[in-house]
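What follows is a single structure, written as structure tokens, with notes after it.
Keep in mind that what you see is a predicted model, and the values were worked out from it rather than measured.
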Amino acid sequence: SPTAATTTTTMAPPPAGPEPLLLSRSEADELYEVLRAVLDGLDRLGMPHVLIGSTLLGSVRSKSLVFHDDRVEVAILDDEEVSSAGVADSIGGGGQAAAGRVGRHERLVRDLPVLLGRAARDRSDAESGGVEYEYRIRSQLPDSGGAAAVCDRVVSSRAPRVGVDVYVLRKYRTANDLLR
């Protein structure tokens, strides 16, 4: 009796996620520069901040950024109101605005772009070629699959593919406050 031939088909395994993102050396260097400008600005504004997500993981595990990630994640704690008088009031040449109280994020959105502009000018003067930092607030970020943007973003004109995402952590006194 004839022997039946058997064939075995092997299927390729399904992809294990998206293609890895590899940053060039210049993109990684620029990511560090943007991070430095953002952290310096947050320090000057007296904003408590922490590294979060893969940025925290990379800094703890390897004392470095995770080089397959094109974003650094920083969070500010928006747990109290702060003086509304800030950097933006002191550079316009006009009188100081009446000081009130605002949330830290509101002050951040107003004053960090001013400090980033100064940092970019200082860096452009020190290096050959200009650089600009752009602060994009949540409402200016493109949707990702219909989801609302959950963070602000700072990017550099030298490497717009990489940047720093700024998240806001809010402290709620009660669950009802959170739900409102």
Taking only residues two or more places apart in sequence or in another chain, which ones pass salt bridge (charged side-chain N to carboxylate O under 4.0 Å, His left out) with [X]?
X: Glu27; result: Arg161
X: Arg36; result: Glu33
X: Glu127; result: Arg123, Arg158

Taking atom [atom1] of [X] and atom [atom2] of [Y], what is their separation to the nearest 0.5 Å?
X: Leu51; Y: Leu35; atom1: CG; atom2: CG; value: 7.0 Å
X: Leu108; Y: Tyr135; atom1: CG; atom2: OH; value: 3.5 Å
X: Leu169; Y: His105; atom1: CG; atom2: NE2; value: 11.5 Å
X: Cys151; Y: Ile52; atom1: SG; atom2: CD1; value: 8.5 Å

ask   = What is the minimum heavy-atom distance between Val155 and Pro160, and which atoms define it?
value = CG1-O, 4.0 Å
note = Smallest heavy-atom separation, Asp69 atom then Leu23 atom, equals O-CD1, 3.3 Å
With side chains defined as the heavy atoms from C-beta onward, is the minimum distance between [X] and [Y] less than 4.5 Å?
X: Leu39; Y: His49; result: yes
X: Arg107; Y: Leu45; result: yes
X: Arg44; Y: Arg118; result: yes
X: Leu42; Y: Ile76; result: yes
X: Asp165; Y: Val74; result: no

Is [X] linked to [Y] within one hydrophobic cluster, defined over Ile, Leu, Val, Met, Phe, Trp and Tyr using a side-chain heavy-atom separation of less than 4.5 Å?
X: Leu57; Y: Val72; value: no
X: Val102; Y: Leu77; value: no
X: Leu31; Y: Val60; value: yes
X: Leu112; Y: Met47; value: yes

ask   = So, Arg25 and Asp29, do they make that salt bridge, N to O below 4.0 Å?
value = yes
message = One thing to verify: whether Arg71 and Glu73 come together as a salt bridge, which I'm taking to mean a side-chain N less than 4.0 angstrom from a carboxylate O.
response = no
Short side-chain to backbone donor-acceptor contact, Ser62 and Gly58, under 3.5 Å = yes
ask   = Is the backbone of Val131 close enough, under 3.5 Å, to the side chain of Ser124 for a donor and an acceptor to pair up by distance?
value = yes
key: Steps toward side-chain contact (heavy atoms from CB on, under 4.5 Å) verdict (Val34, Val162)   = CA-CA 9 Å; Val34 176; Val162 300; 5.8 Å; no
